[in-house]
Each structure stands twice: as C-alpha cells, then as structure tokens.
Amino acid sequence: MGEGIMRLGYVHIRTTDLEASRRHYRDVMGMQEMACHNDRVYFKCWDEYDHHSVVVQQSDRAGLEKMGFKVHTYDDLDALEKQVMQHGGAVTRFSEGENYKVGQGIRFEIPSGHVMELYVEMEQVGKALPSLNPPPYPEGLKGVGAPRIDHLLITSEKPTETIEWLMKALNFYMAERVVENEHSDKPIAAWLFRSNTPHDIAIIPGPDKKIHHFAFWLDDWFEIRKAGDVFSKNDVSIDVGPERHGITRGQTIYYFDPAGNRNEVFTGGYIAYPDMPVVTWTVDQLDRGIFYFNHRKEWIEGFTSNVT
Amino acid sequence: MSAEPARREDAPESGGEPRRGILIGEAEAERPVRVSVEGEELVWHPGESLVATLMAQYFGRRGRGAFMGCREGGCGACKLELLEGVVAMRPNYSKDVLEDEERESGRFLACRARPITDISVRFVPRRNVFFELYGRRLREKERAAVGEGSGTQPEEVSHG
Ligand code: FES
Ligand SMILES: [Fe+2]
C-alpha cells in the first residue's frame, strides 16, 4: 500500500453548553470559528490550512462523537478499507459533503467502540499566514493562540486488542507502551503514531467509547506557562500541570472545556520514525511515566479515572 | 429565589418542604447552609457550587488528597448521594455520568449543584482499572520485598 494515514485531522466532540464551549475554543484557545450550523460549530487553529480541526456539537452528554484521520491518497483509502474489513470492521462509505467541507471517506468502529473516519480531502482555506514570505505568526491571536491540534487519548476495556487492531488494520506504529511487569510483552497502554510525533493516538485501559483528552500543540515550554496564565485568568478548570511526561517526554497542562472534556496543551517530545525501538514502561513506574515531577504520586488516580 | 423555594409539586403529601429532593434549575439558598458529608460538617456559601465547598473545606485536608475532577458536569467524579435535604442542579451536565433514573434515585453532581436547604450527602465510590493495576503491582513488589506471597484484590477508588 501507499503511504496510508497522514495525521489526525479532526476531533468531533459533544458539549452540554454550546455557547460556553464556543467561547472556550474561540476566545480561550484562540481558534478561528469557521462555521456554525444549528447544533455544531467548526474551528481551526491558525497554523492549520484545512477547513477545521475541531467540531463541537450540542448534546445532552459530553464525550467524543468521532475522530477523523486524513489519508494521503484515494488508493490508500481503498487499501485501508480492505484492511479494516479483513480485521472484522464494519465499514460505511460516506459521500462528499456528508461531513461539512470534507470529501468522501470511510467510517467504522475500532474495537473500543470509538467511531473513526478516514478521508482524503477537506477544503483547504490556508493558514492565517501567507505562503509567500510569511512572518512567523499572525497578529491578533486571542488567548492561548494554539497553532494546531496534536493528538488524542482514548480509553478501552480491552486495550491490548484495540492497540493491536490499530497497528494491524491501520498501520499505526508504536512509540511507547506500558506493560504489567518487565517480563510481559502485552501492551496495556500504548502511544501510536502515523506522523512524526510520538503519538497521534494513545490508548489506556478504561471504559469503551470514552475520551481521556485531546491535545493542542504549543511551540515551547514558555508557551505552556502562558497558556496557564490564560486558563487562570479565564477561570478555566485546570486539572494537572504544568508538568513533564516521562512517556513521550512532552510538557503539559491538562484542563477541561465547559462540558468537562479534558483538553491538553502539549509541547516537546521527540521525532518518531517507524523503525524506532519501542520504549517500554512497567506499570509500577507509571507515576513518573505520566507525570515525571510527581514525586508525591497523588495525581494518578483521578487523572486516569476521569473521562468523558 | 425565596428562602423557602422547596414548596413545589414534588413536595410530600404533607405540603411541607420535601425531606429529600433534587430540582433542576439555577436555584440556590439565600443564606449559608450546613452540608454534612461523611461525618463532617461544612458550610456552603451562596454563589458557590457544592464542589467548590468540598474543595475549600473537605478535600486536601486531614490527610485527604486534592479533589480531581472536571468541575464542568462531564466526568462524574463529584457524584454524591443525597441523604437529606434539597438541592438544585443546573441542567448542563452529561447524562453519560448521571442518567435520569440515577438522578431520580437521589444522586447528583456536586459541581452543578447548589443547596436549597441544609443537606446531608455521601460519596459514590468509583472504579479505576488502570489505577488498580498500578496499585496492585506496587503491593506485589512490596510483598516480594518482604518475602510474602502475592494475592490480588481489585480496589474501589473512594473519596473518603
Ligand atoms: S467534577 Fe466532573 S462532573 Fe462534577
Ligand atoms: Fe496527551
């Protein structure tokens, strides 16, 4: 097959208060509001050029409606469709325009019950910068001013099965994993990638169909601190951070949107290549794996159990 | 909101204030009320959510960890069982963590709730698979270190 999945394209989440969520993603995160149709609002970050990367939909519950991954070519899409079916996935084809501004693609559930879509084209609207001799960033960014989304982390009742499925059916590569002890080869959590970052999607044990968080990229540690200022100033509910991850080596603040969906601002990490040796963590070292500065070991419990 | 907001259709036959009830709406008591939780007495102040009261007066003290939860009606970490009294809960919470039936049985989310009367509540325990694995493995290591056998017991995560 060709080059397969390129990157995480969109995260479509639910909210119990659309107006509050709109203010959060637009005024606090500094995203551009691209469109608003009845019960949903479409946003993109300033360094993204496709029409949107976050869709927020009014609902009576929080959580992940679906996630979209962008694929290189239509040949890749056909090949992935076959692979998904070979691995037992029930695939639906969707036509151009069924998802606003998105071309045709396929939709299926992964073993954890999360809905995933693969597509090749979304209308390109361009970055908030010219592509000829651009300055490094645009003027007038609001709040955090996040340049792009980065990854998401989901929970699964059978995480090993979900991890192996994503690697076999969709050709995800593994950057890091958690095993029960040093003799075990069975991943109970994993950080998987198709781009060159340590994760586009990660899976930890927990209830099916739930999202633990999705993350915005920021350029450096200083920007993380600035984001913390913005969150406190706007009374955004901060969960944990600023902190350092052992796993992925990222730097982070976790916080919640107005429906209780966890967001993250993330920077750092390393460049991941398909041939990199997998990094392994044993479960007893998880406190450092999740929060490297967490010597008091007091955050693991609520942090891993609270999902939407 | 009047000081006796609880006279409503869901009041008991006597016509007095219901002893226990969860209303939906923005109501709250006009003056501070008593909150009794797991054997402790706290005071809720007008203008704050019940989870704010718990964070200010219950969590993070006397050996208890800090409260972890979204404070936005999404995660269910703040779920309480109402033993006595009346609360009002704002409607913008996730039905994934509090279904209507469960609410009718007397459970509610502290981060979306304000008391109408003095209340008495207790926490609803939750499970956390990942944390159980982590805790179990740590205990196994400790036991191995002192030369005992290892048994495994899943644990409930409790706020107590
Ligand atoms: S703290 Fe998450 S629902 Fe109340
Ligand atoms: Fe993350």
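This structure is a prediction, so every number in the text was calculated from the model and none was measured. Order of the sequence lines sets the chain letters (A, B, ...), proteins ahead of strands, with each chain counted from 1.
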**Message:** Per the side-chain hydrogen bond (donor to acceptor under 3.5 Å, both in side chains) rule, what does the pair list look like for residues 43-57 of chain B, sequence neighbours excluded?
**Reply:** Glu48(B)-Thr53(B)

**Asked** Checking Asn261(A) against chain B: side chain, backbone, both or neither under 4.5 Å from a heavy atom?
**Response** neither

**Complete:** Pair count under 4.5 Å, heavy atoms only, with chain B: among Asp287(A), Asp17(A), Thr155(A), highest is Asp287(A)

**Request:** Not counting sequence neighbours, which residues clear side-chain hydrogen bond (donor to acceptor under 3.5 Å, both in side chains) with Asn263(A)? List them please.
**Result:** His24(A), Tyr25(A)

**Asked** Heavy-atom distance under 4.5 Å to chain B: side chain of Glu157(A), backbone, both or neither?
**Response** neither

**Message:** Which heavy atom of Gly74(B) sits nearest to which heavy atom of Thr308(A), and what is that distance?
**Reply:** O-CG2, 3.5 Å

**Prompt:** Applying a criterion of heavy atom separation less than 4.5 Å, what residues of residues 95-102 of chain B form contacts with chain A?
**Reply:** Lys95(B), Asp96(B)

**Message:** What part of Ala20(A) gets within 4.5 angstrom of chain B, counting heavy atoms only: side chain, backbone, both, or neither?
**Reply:** neither

**Item:** Side chain, backbone, both or neither of Arg112(B) within contact of chain A (heavy atoms, under 4.5 Å)
**Value:** side chain

**NZ (Lys66(A)) with more than 12 external heavy atoms under 6.0 Å** = yes

**Prompt:** What distance do Arg90(B) atom CZ and Thr16(A) atom OG1 have between them, rounded to the nearest 0.5 Å?
**Reply:** 13.0 Å

**Request:** Let me see the working for Val240(A) and Met68(B) under side chain to side chain contact (heavy atoms under 4.5 Å, CB included), right down to the final yes or no.
**Result:** CA-CA 9 Å; Val240(A) 178; Met68(B) 296 285 292; 3.7 Å; yes

**Prompt:** Can you tell me how far CD1 of Ile238(A) sits from CZ of Arg71(B), rounded to the nearest 0.5 angstrom?
**Reply:** 8.0 Å

**Message:** With a 4.5 angstrom heavy-atom cut-off, is it the side chain or the backbone of Ile188(A) that approaches chain B, or both, or neither?
**Reply:** side chain

**Message:** Sub-4.5 Å heavy-atom contacts with chain B: which residues of residues 251-259 of chain A show up?
**Reply:** Phe256(A), Asp257(A), Pro258(A), Ala259(A)

**Asked** Is the number of heavy atoms from other residues, nucleotides or ligands under 6.0 Å of Arg225(A) CZ greater than 12?
**Response** yes

**Asked** Would you find a donor on one side and an acceptor on the other, under 3.5 Å apart, between the side chain of Ser237(A) and the backbone of Cys70(B)?
**Response** yes

**Request:** With a 4.5 angstrom heavy-atom cut-off, could you sort out which part of Arg262(A) is near chain B: side chain, backbone, both or neither?
**Result:** neither

